[in-house]
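What follows is a set of notes on a single structure, which appears directly below.
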2 protein chains.
Amino acid sequence: PSKITIEKTKNKFGDCPICWDELGKNPLASTVCGHVFCFKCLKQALLRLKQCPTCRRALRDERYFHPLYIPTV
Amino acid sequence: PSKITIEKTKNKFGDCPICWDELGKNPLASTVCGHVFCFKCLKQALLRLKQCPTCRRALRDERYFHPLYIPTV
Ligand SMILES: [Zn+2]
Ligand SMILES: [Zn+2]
Ligand SMILES: [Zn+2]
Ligand SMILES: [Zn+2]
């Protein structure tokens, strides 16, 4: 008999709002407003425009985002 | 025939390092050092001791952590 697995989809990472790649494939970052992106996507976005790509909060300097380490299974 | 699903385990949230409940069941928070917990667990831990429960960085006031909104599927 085949082994049946019920795949649980909640609590799985969605996609980076900038590149649409799956979050967690690349190193992550969070803004202080709590929005999550690939680290490289956020860093690059902030070079162009000093605001959160998700909520548009002003993010003036490096203290306004940080690397993010989410426990995974 | 049974439908077979290969469950992908990477990119799924692990557990809160404080209460061991699955991350994402409850509202989340991140410290500025990038460590992730249930919001209520981190808030309560910081009432006792002003340091990150994971890496022990000093976290002196409310600006040192924030709510975290991770896109999920
Ligand atoms: Zn990205
Ligand atoms: Zn934001
Ligand atoms: Zn917890
Ligand atoms: Zn920490």
Side-chain angles (χ1 to χ4, degrees), chain A residues 1-46 50-73, chain B residues 1-46 50-73:
Chain A
S2 305
K3 189 180 170 223
I4 301 173
T5 301
I6 308 298
E7 190 171 15
K8 218 176 139 193
T9 54
K10 78 176 168 122
N11 298 340
K12 267 180 74 177
F13 299 142
D15 300 329
C16 170
I18 296 174
C19 71
W20 301 103
D21 216 349
E22 199 176 353
L23 288 170
K25 283 179 62 177
N26 306 303
L28 298 173
S30 172
T31 57
V32 290
C33 39
H35 295 115
V36 178
F37 311 89
C38 309
F39 189 89
K40 65 178 169 46
C41 289
L42 180 59
K43 188 107 184 177
Q44 191 166 47
L46 292 177
K50 304 290 189 208
Q51 67 180 28
C52 175
T54 296
C55 72
R56 302 186 180 180
R57 172 171 163 165
L59 298 173
R60 280 160 295 173
D61 64 50
E62 296 236 337
R63 290 177 303 135
Y64 290 88
F65 72 101
H66 56 78
L68 188 67
Y69 311 101
I70 307 173
T72 56
V73 291
Chain B
S2 306
K3 191 180 167 219
I4 302 171
T5 301
I6 308 298
E7 188 171 17
K8 217 177 140 193
T9 54
K10 76 175 169 120
N11 298 340
K12 267 180 74 179
F13 298 141
D15 299 329
C16 171
I18 297 174
C19 71
W20 301 104
D21 217 350
E22 199 175 354
L23 289 170
K25 282 178 64 177
N26 306 303
L28 297 173
S30 172
T31 57
V32 289
C33 38
H35 295 116
V36 177
F37 311 89
C38 310
F39 188 89
K40 64 176 169 49
C41 288
L42 180 58
K43 189 106 181 175
Q44 192 166 47
L46 292 178
K50 304 290 188 208
Q51 68 180 29
C52 175
T54 295
C55 73
R56 302 186 179 181
R57 173 172 163 164
L59 298 173
R60 279 159 295 172
D61 63 52
E62 295 238 337
R63 290 176 304 134
Y64 291 88
F65 72 100
H66 57 77
L68 188 68
Y69 310 102
I70 307 173
T72 56
V73 290

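Note that the coordinates shown come from a computational prediction; the quantities given were computed from them, not determined experimentally. Quick note: numbers below take in every heavy atom, side chains included, and nothing from hydrogens, waters or symmetry partners.
Using cut-offs of 30° and 60° on the angle between ring planes, the pair His66(A) and His66(B) is tilted.
Note: Val36(A) leads Thr54(A), Leu28(A), Val36(A) in heavy-atom pairs under 4.5 Å with chain B.
With a threshold of 4.5 angstrom between heavy atoms, Cys33(B) approaches chain A through N, CA, C or O but not through any side-chain atom. With a threshold of 4.5 angstrom between heavy atoms, Thr31(A) approaches chain B through N, CA, C or O but not through any side-chain atom.
Interatomic distance, NZ of Lys43(A) versus CZ of Phe65(A), reported as 4.5 Å (0.5 Å rounding).
Of all non-hydrogen atoms in Ala45(A) and Ile18(A), the two that sit nearest each other are CB-CD1, 4.0 Å. Counting all heavy atoms, side chain and backbone alike, Leu68(B) lies closest to Ser30(A) at CD1-OG, 3.3 Å.
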